A.B. asks: 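Structure below; questions to follow.
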Amino acid sequence: MLSVWWDFKGVVFFELLPRIQTINSDVYCRQLDSLKESIKQKRPKLVNRDGVVFHHDNARPHTSLVTRQKLMELGFDLLPHPPYSPDLAPSDFHLFRALQNSLRGITFNSDEAVNQHLVQFFADKGRSFYKRGIMKLPERWQKVIEQHGQYIID
């Protein structure tokens, strides 16, 4: 299971969970703490602002009371995400699609090899790639509105 947090400049934090671990509220909140530390290191100007505007989908660990309290504690402003809207998650329509293409036909011999591939993949994407993914969000929201909530087919 791969969890990735990114902004218009690139990946801020990612974690590849062990094969048997799933995401629950406790794991997600631990990841959010790690994300906050990574933001302090990689995006110090964001820490000095009035907070981070944060977007994630409506998966159960993301919407739990524990997670909502953690987001408030961290000072993250949450950008609402409509239910059942995978078309509106930039990771789904932009980042993971490109990652999926990079993985086509590759077999890994270890978790470390997977991690190395991810580090290289994220590094190889220029700032314009990440910026384009973020900047597509308002356009995609408009398309969903125009299509009355129907999925977007690219």
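Quantities reported herein were computed from a predicted structural model and do not represent experimental measurements.
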A.B. asks: With heavy-atom distances below 4.5 Å as the criterion, would you say the side chains of Thr67 and Thr63 are in contact?
C.D. replies: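 Counting from C-beta outward, Thr67 and Thr63 never come under 4.5 Å.
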
A.B. asks: What is the distance from atom CG of Leu118 to atom CZ of Phe14, rounded to the nearest 0.5 Å?
C.D. replies: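 So the gap between those two atoms works out to 5.0 Å.
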
A.B. asks: Can a donor-acceptor pair be found, under 3.5 Å and without considering hydrogens, that links the side chain of Ser38 to the backbone of Leu35?
C.D. replies: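 No, Ser38 side chain to Leu35 backbone: no donor-acceptor pair under 3.5 Å.
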
A.B. asks: Given side chains that start at C-beta, do those of Thr22 and Val27 come closer than 4.5 Å, heavy atoms only?
C.D. replies: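 No, too far: nothing below the 4.5 Å cut-off.
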
A.B. asks: Examine Phe96 and Ile134 and state if one hydrophobic cluster contains both, with Ile, Leu, Val, Met, Phe, Trp and Tyr joined whenever side-chain heavy atoms are less than 4.5 Å apart.
C.D. replies: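 As far as the 4.5 Å side-chain criterion goes, Ile134 and Phe96 are connected within one cluster.
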
A.B. asks: Only one of Phe8, Trp5, Trp6 clears ring-ring contact (aromatic ring centres under 6.0 Å, His included) with Tyr130; which?
C.D. replies: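 Only one of Phe8, Trp5, Trp6 forms a ring-ring contact (aromatic ring centres under 6.0 Å, His included) with Tyr130, namely Trp6.
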
A.B. asks: If Ile, Leu, Val, Met, Phe, Trp and Tyr residues are connected whenever their side-chain heavy atoms lie under 4.5 Å apart, and connections chain through other members, are Leu103 and Val11 in the same group?
C.D. replies: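 As far as the 4.5 Å side-chain criterion goes, Val11 and Leu103 are connected within one cluster.
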
A.B. asks: Check whether more than 12 heavy atoms from other residues, nucleotides or ligands sit under 6.0 Å from atom CG of Asp124, and answer yes or no.
C.D. replies: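 Enclosed: over 12 neighbouring heavy atoms sit under 6.0 Å from CG of Asp124.
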
A.B. asks: Does Val12 offer a backbone N or O that forms a donor-acceptor pair with the side chain of Lys42 under 3.5 Å?
C.D. replies: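 A pair under 3.5 Å: yes.
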
A.B. asks: Which residue in the set Leu16, Val119, Ile106 passes side-chain contact (heavy atoms from CB on, under 4.5 Å) when paired with Val114?
C.D. replies: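 Single side-chain contact (heavy atoms from CB on, under 4.5 Å) partner of Val114 among Leu16, Val119, Ile106: Leu16.
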
A.B. asks: Nearest 0.5 Å please: distance from the NZ atom of Lys131 over to the NZ atom of Lys9.
C.D. replies: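 One finds 11.0 Å between NZ of Lys131 and NZ of Lys9.
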
A.B. asks: For Arg60, look at atom CZ and say whether over 12 heavy atoms of other residues, nucleotides or ligands are found less than 6.0 Å away.
C.D. replies: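 Check fails, neighbour count at 12 or below.
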
A.B. asks: Would you give the length of the straight line joining atom OG of Ser25 to atom CD of Gln69, rounded to the nearest 0.5 angstrom?
C.D. replies: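 CD of Gln69 is found 10.5 Å from OG of Ser25.
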
A.B. asks: Under the side chain to side chain contact (heavy atoms under 4.5 Å, CB included) criterion, do Asp111 and Arg19 qualify, and how do the steps go?
C.D. replies: CA-CA 9 Å; Asp111 290 345; Arg19 295 172 200 253; 2.9 Å; yes

A.B. asks: Please lay out, stage by stage, how Glu37 and Lys40 fare under the test salt bridge (charged side-chain N to carboxylate O under 4.0 Å, His left out).
C.D. replies: CA-CA 5 Å; Glu37 288 305 311; Lys40 285 179 185 176; 3.3 Å; yes

A.B. asks: Do Val4 and Phe13 have side chains that get closer than 4.5 Å, going by heavy atoms?
C.D. replies: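 The answer is no, as the side chains (C-beta and beyond) never meet within the 4.5 Å cut-off.
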
A.B. asks: Determine whether the aromatic ring centres of His56 and Tyr28 lie less than 6.0 Å apart.
C.D. replies: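 Yes, close enough.
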
A.B. asks: Distance check, rounded to the nearest 0.5 Å: Phe54 atom CZ versus Ile39 atom CD1?
C.D. replies: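 It is 8.0 Å, given to the nearest 0.5 Å.
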
A.B. asks: Is Asp33 reaching over with its side chain to a backbone N or O of Lys36, donor-acceptor style, under 3.5 angstrom?
C.D. replies: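 Absent.
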
A.B. asks: Would you say the side chain of Ile23 lies within less than 4.5 Å of the side chain of Gln31, judging by non-hydrogen atoms?
C.D. replies: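 Gln31 vs Ile23: side chains touch.
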
A.B. asks: Evaluate the side-chain proximity of Leu17 to Glu15: yes if any heavy-atom separation is below 4.5 Å, no if none is.
C.D. replies: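 Glu15 vs Leu17: side chains touch.
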
A.B. asks: Would you say the side chain of Asn115 lies within less than 4.5 Å of the side chain of Phe108, judging by non-hydrogen atoms?
C.D. replies: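 No; the side chains remain at least 4.5 Å from each other.
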
A.B. asks: Any chance you could measure Lys70, atom NZ, to Ser64, atom OG, to the nearest 0.5 Å?
C.D. replies: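 That separation rounds to 11.5 Å.
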
A.B. asks: If hydrophobic clusters are built by linking Ile, Leu, Val, Met, Phe, Trp and Tyr wherever their side-chain heavy atoms come under 4.5 Å apart, do Met72 and Leu65 end up in the same one?
C.D. replies: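 No.
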
A.B. asks: Would you say Leu95 and Leu99 make side-chain contact, with heavy atoms under 4.5 Å?
C.D. replies: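 Not in contact.
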
A.B. asks: Just wondering, do Phe129 and His94 contact through their side chains at under 4.5 Å, heavy atoms?
C.D. replies: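 In contact.
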
A.B. asks: Can you tell me how far the CD atom of Glu73 sits from the CG atom of Leu32, to the nearest 0.5 Å?
C.D. replies: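 Answer for the CD-CG pair, Glu73 versus Leu32, is 10.0 Å.
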
